[in-house]
Structures are given as C-alpha cells and as structure tokens.
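Since the structure comes first, as structure tokens, the remarks are kept for the end.
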Amino acid sequence: MLKQVLAGIGAGALLFGLTACGGGDDSGDGGGSGDGLVVGFAQVGAESAWRTANSESVQAAAEADDRIAELKFVDAQQDQEKQIEAVRNFITQQVDVIVLAPVVETGWTDVLQEAADAGIPVVLADRGVEAADEDLYVTRLGSDFAEEGRKAGAWAVETFAEDPDGTTRILELQGTTGSAPANDRKAGFFEVLDAEGLPYELVDSQSGNFTAEEGKAVMETFITTHGLDGIDLLYAHNDEMGLGAIQAIEEAGYQPGTDIQIIIVDGSKAGFQAGVDGKLNYIVECNPVFGEQLMDVVVQVANGEEVEKFTPVEEGVFDASQFEAELPNRKF
Ligand code: GYE
C-alpha cells in the first residue's frame, strides 16, 4: 500500500511535487475499496501551537490508519487564495475526500461547488464556513467557538460582577478577521456579558491575526492609545496573542495577571506556563488533537454513511487554582 504523507509544504510545492511525479496517477481508488483512501487536507497555516498540534495530530492519525492510503497536506500560510488553489488541485487529482480548515468563513461557494460537481465530498475540520454554504460540505468536526466565548464571558461576569468602580473596562485581541473562531468567540463572550447585565466598556478591539507578533504589536498600540491604568481585562482569542500581549504589558512596566486580568483561548503548554507564573488568569481550552476522530469521519463520509452536520470536540476551562496540576497533561 502506498503510504505517503506530504508534510509542511505549500500549495506551490505541492503542485510542483505532483508535476514531478507525473500528476494525478496516485489518485484515489474510487472511495474506500482496495488500497485505501486518498485524502487532501488544506490546512490554515502554522500560526500557533494549536495549529502545529492539529497538523501533527491529523498527519499522525493518517499515517497510522490502514484505511488511509495517502494524506496530501497543504499549509496555506493563512492565505485563502492558497487554500482555494489547494482544493482545486485536490479536485484535479480526484482525491477521495477533501478536508478543509477554512481560514475565513466567506468566499467558499465556487470552489465547494466545484468539489460537489466532481463528486468529491468535503469535510470541514476545525473552522466553519458561512451558513449559505452549509449544503456544500458534508460535516464539520471541530470546536464550538461560540461556546468557548460564552465560557470566557461567564468567567468575566463571575470575576467582575462585584467590580467596585462599576464598569469593567475591556480590551479584546481578536483572531484572524473573518475567521469562524474570531467571529464566534467574540459573539459568545459579549452575549453572556449582555445577558448577565455586566456593566462594561469595550475600550478597544483589534485583530492580532492569531499570532504572537501581531498580538504584541496590537497590545503596544492599545497601551499607547489608552494606557493600562483603569483597564480591567484583556480577552485574547488565542494563546499566542495573549502571550505576545503579556510581553508588551511587561515591557510597559505593568504586571500581567495582576494589574490587568487576562483570558486566553487554546491552552497550550506555553499558555499554562504563563498561568503558573501568575501572568494570566483564565484559560478556555480549545482541543486540536482530533486526528483519529477526523479519520473516522473521513472514512464514514467516503463510504456514504450518515454523519452529523457538526461534531464538537470536548473541551474544558481552567482557572488559576488548576494551572499547575493541568500543565503536565497538556499535549501541545
Ligand atoms: O484557536 C488558534 C489558531 O481555528 C481553533 O486557530 C483554531 C484557532 C486556534 O490559530 O490558535
């Protein structure tokens, strides 16, 4: 059986590789019979520890799974055009199933329709697409991002309900603009604050594109523009942006976790370590290790079995009293 996992290459490299191999002659065997499935995976990028763990989990699961002949892996470097190109290449190669982790929610209709026309089922992994495109993919396996936002919001309400000055002043570092986790983590968070009637002011809210560098740069701008005195809470949509912001806060002479409370989403080892060091206050877990579950879904879809439209992965929350005990359990 051909067992080949193409790791860590961009769409251009994939194209080149396929051309070099003679193109398309290693394509699928028609959905589940014979030598196993050929699966194309258009991954978002490598912007965070979460993403790296997710890529590793999917690649390892594909490699270990006898039902999968080959996983064609493309790292789209957070660029929708590259992802679309990767999906088109998978269609040309007639893979059995396409797995897509869409970088943003909109702009997928055409390419998803092309996959449908070619009879290739699409499974969304991790991020979702806008509701209008829901008929164009079979199922999504990933997190409930709105629920993650609600969990962050519930902690904020619990923590600041007794705020002596009455109004909780909040800074928000959003993920990639237009991405499902950025949209939904924001919506879920403020849904709870509004529903619970917490008096708050959203002092500023900008995208840090899910990276440490941009998170730090945006936090520096926040500090220059608003100062940090009187800011109660930073809500960062992922670990990297939170960790970048922590650096900016320290460089400005403040104590993260004390002078300003911080919530992050993901829960990497580095995130938990910052929690153990007292530099942040609440972690909403987002679980990237769903490779094996994804392979099961891919096989079911290839076999034409009924699957749920959405399968959530299980996730928890952690406060300061739990950081130290949980750190050794973190997988990424
Ligand atoms: O939270 C972030 C990553 O889509 C859930 O993407 C994922 C998010 C994750 O860059 O760290």
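First listed ligand is number 1; within each ligand, the first listed atom is number 1. Hydrogens, waters and symmetry mates play no part in the numbers below; they use all other heavy atoms, side chains included.
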Between F272 and F318, what is the ring plane arrangement, given parallel below 30°, perpendicular above 60°, and tilted in between?
perpendicular

Salt bridge check: are R127 and E105 linked by an N-O gap of less than 4.0 Å?
no

Check whether any N or O atom of H237, backbone or side chain, sits under 3.5 Å from an N or O atom of ligand 1, and answer yes or no.
no

Is the closest heavy-atom distance from C286 to ligand 1 below 4.0 Å?
yes

Contact region, M241 to ligand 1, non-hydrogen atoms below 4.0 Å, reads neither

Is it true that a side-chain atom of D232 and a backbone atom of R169 form a donor plus acceptor pair closer than 3.5 Å?
yes

Pairing donors with acceptors under 3.5 angstrom, does anything connect the side chains of Q43 and S55?
yes

Are the charged groups of K309 and E134 less than 4.0 angstrom apart, N to O?
no

Check this for me: E324, atom CD, are more than 12 non-hydrogen atoms of other residues, nucleotides or ligands nearer than 6.0 Å?
no

Looking at atom 1 (O) of ligand 1, what's its closest protein heavy atom, distance included?
D266 OD1, 2.6 Å

Nitrogen or oxygen of E47 less than 3.5 angstrom from that of ligand 1:
yes

Residue S48 vicinity, atoms of ligand 1 by number, heavy atom under 4.0 Å:
2 (C), 3 (C), 10 (O), 11 (O)

Can you sort out which atoms of ligand 1 are near D126, meaning under 4.0 Å from one of its heavy atoms?
4 (O), 5 (C), 7 (C)

Test of ring centre spacing under 6.0 Å for F190 and Y200
yes

Proximal atoms of ligand 1 relative to P181 (non-hydrogen, under 4.0 Å)
4 (O)

Hey, is E285 close enough to K151 for a salt bridge, meaning N to O under 4.0 Å?
no

Nearest to atom 8 (C) of ligand 1 by heavy atom, Q78, E240, R127, E148: which?
R127

With heavy-atom distances below 4.0 Å as the criterion, list the atoms of ligand 1 near F145.
5 (C)

Close-contact set for ligand 1 against N238 heavy atoms, below 4.0 Å:
2 (C), 11 (O)

